[in-house]
Amino acid sequence: MSSKVESPVPRRGLMLVISSPSGAGKSSLSRRLIAEHPRLELSVSCTTRAPRPGETDGVEYHFVTPERFAELVAEDAFLEWADVHDHRYGTLRAPVMAALEAGRDVVFDIDWQGGRQITDRAKADVVLVFILPPSLPALRARLQGRAQDSAEVIERRLTRATEEIAHYDEYDYVIVNDQFEAAYRALLEIYQGEQHRRHRHPGLKAFVAELMAGQA
Ligand code: ADP
Ligand code: 5GP
């Protein structure tokens, strides 16, 4: 269960970037966090890859053609975008900005290239979390168990895994997702703790001034 300690001072929304090699568990962890926190929403990326069985346009991704993706790049519609696994993936800027302005938090399931670009653009609002698998055999077993990809695609994802893992040290927090419950608890603590960072409460100075004057 998540505990809630709300500050009387309104808070800016934060951007929770979660990266990992494919199969380490970032979607499972972020889905659970979102399910338990109505203020938190998932950024739905655009991708040029085909939907996997069970994926729905507008839910996991906006599935677009390479031509449409190029148009969106030309229109500067992306907060960040990158080539991943021979396809293009990008985060639309407008829905993220609307969420943050409304005081909501946004989770990003994006790779290290995206994490780096978002950090360059909005460092103060970004929290970077990297998920590691307990071992490469466990990662392989999870990709096989997920049963969404062909053997060839799984091999490509595993080859890319080491490349993604090499960037773990650009992240604020690192969680080894061995036991799911323990990993989830760690993510929850990070999210809850980060909400209380002083700079996320722009009204704090006025609140403290009133407090000191005995009016709060
Ligand atoms: P990612 O989003 O990083 O590609 P997923 O969340 O899709 O990874 O997880 C890959 C597979 O591993 C899924 O079938 C998921 O249920 C499973 N999984 C996630 N975390 C664990 C864990 N701690 N132990 C065992 N299996 C897990
Ligand atoms: P998948 O094809 O398994 O859904 O995603 C492959 C990889 O692309 C994952 O590492 C995922 O984090 C990354 N990814 C998904 N959306 C985006 C995005 O909008 N931007 C970037 N940079 N990476 C993304």
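For ligands, and for the atoms within them, numbers begin at 1 and follow the listed sequence.
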Does a donor on one side chain sit under 3.5 Å from an acceptor on the other, for [X] and [Y]?
X: Ser27; Y: Asp109; value: yes
X: Glu189; Y: Tyr173; value: no
X: Tyr89; Y: Glu80; value: no
X: Tyr184; Y: Asn177; value: no

Of all the non-hydrogen atoms in the protein, which one sits nearest to [atom], and at what distance?
atom: atom 6 (O) of ligand 1; answer: Ser28 OG, 2.5 Å
atom: atom 10 (C) of ligand 1; answer: Gly23 O, 3.5 Å
atom: atom 2 (O) of ligand 1; answer: Ser27 OG, 2.4 Å
atom: atom 18 (N) of ligand 1; answer: Arg142 CD, 3.9 Å
atom: atom 20 (N) of ligand 1; answer: Asn177 ND2, 3.0 Å
atom: atom 7 (O) of ligand 1; answer: Arg146 NH1, 2.9 Å
atom: atom 8 (O) of ligand 1; answer: Gly25 N, 3.1 Å

Give the atom numbers and elements of ligand 1 that come within less than 4.0 Å of a heavy atom of [X].
X: Ser20; answer: 3 (O)
X: Phe180; answer: 20 (N), 23 (N)
X: Ser22; answer: 4 (O)
X: Asp178; answer: 22 (C), 23 (N), 24 (N)

Q | Glu55/Arg49 ion pair, N-O < 4.0 Å | A | yes
Q: Would you check whether Gln179 has a nitrogen or oxygen atom less than 3.5 angstrom from a nitrogen or oxygen atom of ligand 1?
A: no
Q: Give the ring-plane orientation class for His201 versus His196, where under 30° counts as parallel, over 60° as perpendicular and anything between as tilted.
A: parallel
Q: Would you please classify the geometry between the His167 ring and the Trp112 ring as parallel, tilted or perpendicular, with 30° and 60° separating the classes?
A: parallel
Q: Measure the shortest side-chain to side-chain distance between Glu163 and Arg160 over non-hydrogen atoms and say whether it is less than 4.5 angstrom.
A: yes
Q.
Heavy-atom contact check, 4.0 Å cutoff: does Ala183 meet ligand 1?
A. no
Q) Out of curiosity, is Ile131 lining ligand 1, as in a heavy atom under 4.0 Å away? A) no
**Q.** Phe63: ring-ring contact (aromatic ring centres under 6.0 Å, His included) partners, not counting sequence neighbours
**A.** Tyr61
Q: Run the numbers on Arg11 and Asp105 for salt bridge (charged side-chain N to carboxylate O under 4.0 Å, His left out), then give the verdict.
A: CA-CA 10 Å; Arg11 176 171 68 77; Asp105 300 322; 2.9 Å; yes
(Q) Please evaluate residues Glu155 and Arg140 with respect to the criterion salt bridge (charged side-chain N to carboxylate O under 4.0 Å, His left out), reporting the C-alpha separation (whole Å), side-chain torsions for both, the decisive distance (0.1 Å), and the verdict. (A) CA-CA 9 Å; Glu155 287 316 310; Arg140 177 187 293 272; 2.7 Å; yes
Q: Below 4.0 Å from any atom of ligand 2, which residues have a heavy atom? Give them in chain and number order, please.
A: Ser22, Lys26, Ser45, Arg49, Arg52, Tyr61, Glu80, Ala82, Val84, His85, Tyr89, Gly90, Thr91, Asp109, Ile110, Asp111, Gly114, Arg157
Q.
If you count heavy atoms of other groups shown closer than 6.0 angstrom to CZ of Arg146, is the number above 12?
A. yes
Q | Leu128 CG to Lys123 NZ distance, which is reported to the nearest 0.5 Å | A | 7.0 Å
